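What follows is a single structure, written as structure tokens, with notes after it.
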Number of protein chains: 2
Amino acid sequence: MFLGTYTNKIDDKNRMAVPAKFRDQLGGKCMLTKGFDECLYIYTMEDFEVMAAKIAALPQSDADFREFIRDFFGNSELCELDGQGRIKIPQNLREYAHITKDLVTTGAMNKVEIWSAETKADFDLAKKMKDSKFTDKLREFSI
Amino acid sequence: MFLGTYTNKIDDKNRMAVPAKFRDQLGGKCMLTKGFDECLYIYTMEDFEVMAAKIAALPQSDADFREFIRDFFGNSELCELDGQGRIKIPQNLREYAHITKDLVTTGAMNKVEIWSAETKADFDLAKKMKDSKFTDKLREFSI
DNA sequence: AGATTTTACCCCACTTTTCCCCACTTTTAC
DNA sequence: GTAAAAGTGGGGAAAAGTGGGGTAAAATCT
């Protein structure tokens, strides 16, 4: 289970250090994908396989499915951690997540989220604005 | 499994470098075909054989099938990678995909898609317009 | 058929990117 | 406070991407 929030930087070679706490669970490599809300996800190989198998089974005859398959696999990358526990983030994913320098990396149960620090700050601010609504929703689920 | 998105160029001799990550899976040669959505597909020899067998088995008595068979095989090409890992893209396929100079090559599970950069940009823009539908779909398959 | 032009393909050269490795700084643990 | 681990930066070799020359094969023309 991935837990906790970390701040880190991407360097000029587009490498990001995976927080040390997450490395053992990933076992030297991971799948980096496009996530919701303009952030990126890191999945374990196993979890990715499960998703990929479901998605690959969609009918190619449907244009929306084709787009979806293209978007999903085209924005997924197998990343091997280097000697220092870093992964390289490819251009298309950096652009999607507005990644330039400062990052926030946060564990989210079965995946790790990677945010541009700025995007995350904006997002958190926006969340505050609608916080009462959010609390109401939690109440529904008795949390 | 083909993954990731790459940008590349076609040169004056109509050659395109196949992204290095895809070469091992193709093993020196591949089948280049006309894809959906005004892009081209690269299949492994094995996957192409399977498809070709299915398509060849369609009843010739049906005019629509005859046309499809003609179109499919007429726009398929066996491509051998040269010493630098490039394939030559024939004229009919270049025209179909509006290929002139800049390309986007994207892995889509069992095939590789080759797009003219301009066509892909237009396509992606159109996709953004209907993004909510798309996001819902992703949500279905996310874990 | 022979000559000429075009196309294909092998090879070499240059530029850019990637990746491995080492070094330094900062944080964590004891 | 000291040692170890984590995070960050960068040099340099290797690989990937790109362009182009030269020769052989194919197509076209006369």
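Basis for what follows: all heavy atoms, side chains included, without hydrogens, waters or symmetry-related copies. In what follows, every chain begins at residue 1, and chains take the letters A, B, ... in the order their sequences are listed. Given the structure is predicted, the values throughout are model-derived calculations rather than measurements.
At a cut-off of 3.5 Å, with distance as the only test, no side-chain donor of A:Asp102 or A:Ser116 sits close to an acceptor on the other residue.
Contacts of B:Asp82 with the nucleic acid, taken as non-hydrogen atoms under 4.0 Å apart, are absent.
A:Lys34 has a carboxylate O that lies under 4.0 Å from a charged side-chain N of A:Asp71, or vice versa, which qualifies the two as a salt bridge.
Closest of all the heavy-atom pairs between A:Thr33 and A:Ser76 is CG2-OG, 3.5 Å. When all heavy atoms are compared, the tightest approach of A:Arg66 to A:Gln60 is NH1-O, 2.9 Å.
Sparse packing is recorded around NZ of A:Lys9, with 12 or fewer heavy atoms of other residues, nucleotides or ligands lying under 6.0 Å away.
Going from atom CG of B:Leu81 over to atom C1' of C:dC11 covers 16 Å, rounded to whole Å.
The main-chain N or O of A:Cys39 is never found under 3.5 Å from a side-chain atom of A:Asp37 such that the two would form a donor-acceptor pair. Remark: side-chain polar atoms of A:Tyr96 are paired, donor with acceptor, to backbone N or O of A:Gly35 under 3.5 angstrom.
Contact between the side-chain N/O atoms of B:Lys88 and the OP1/OP2 oxygens of C:dA8 is found at a separation under 4.0 Å.
First and last contacts of DNA chain D with chain A, using any nucleotide atom under 4.0 Å from a protein heavy atom and ordered 5' to 3', fall at D:dA6 to D:dG12.
For the segment residues 14-33 of chain A, residues with any heavy atom less than 4.0 angstrom from an atom of DNA chain D are, sorted by number, A:Arg15, A:Val18, A:Pro19, A:Ala20, A:Arg23.
Other cluster members for B:Tyr41: B:Met31, B:Phe36, B:Tyr43, B:Met45, B:Phe48, B:Met51, B:Ile55, B:Leu58, B:Phe65, B:Phe68, B:Ile69, B:Phe72, B:Phe73, B:Leu78, joined by side-chain heavy-atom distances under 4.5 Å among Ile, Leu, Val, Met, Phe, Trp and Tyr.
Along DNA chain C, the nucleotide nearest A:Gln84 and the nucleotide nearest B:Gln84 are compared for position; the residue whose nucleotide lies closer to the 5' end is B:Gln84.
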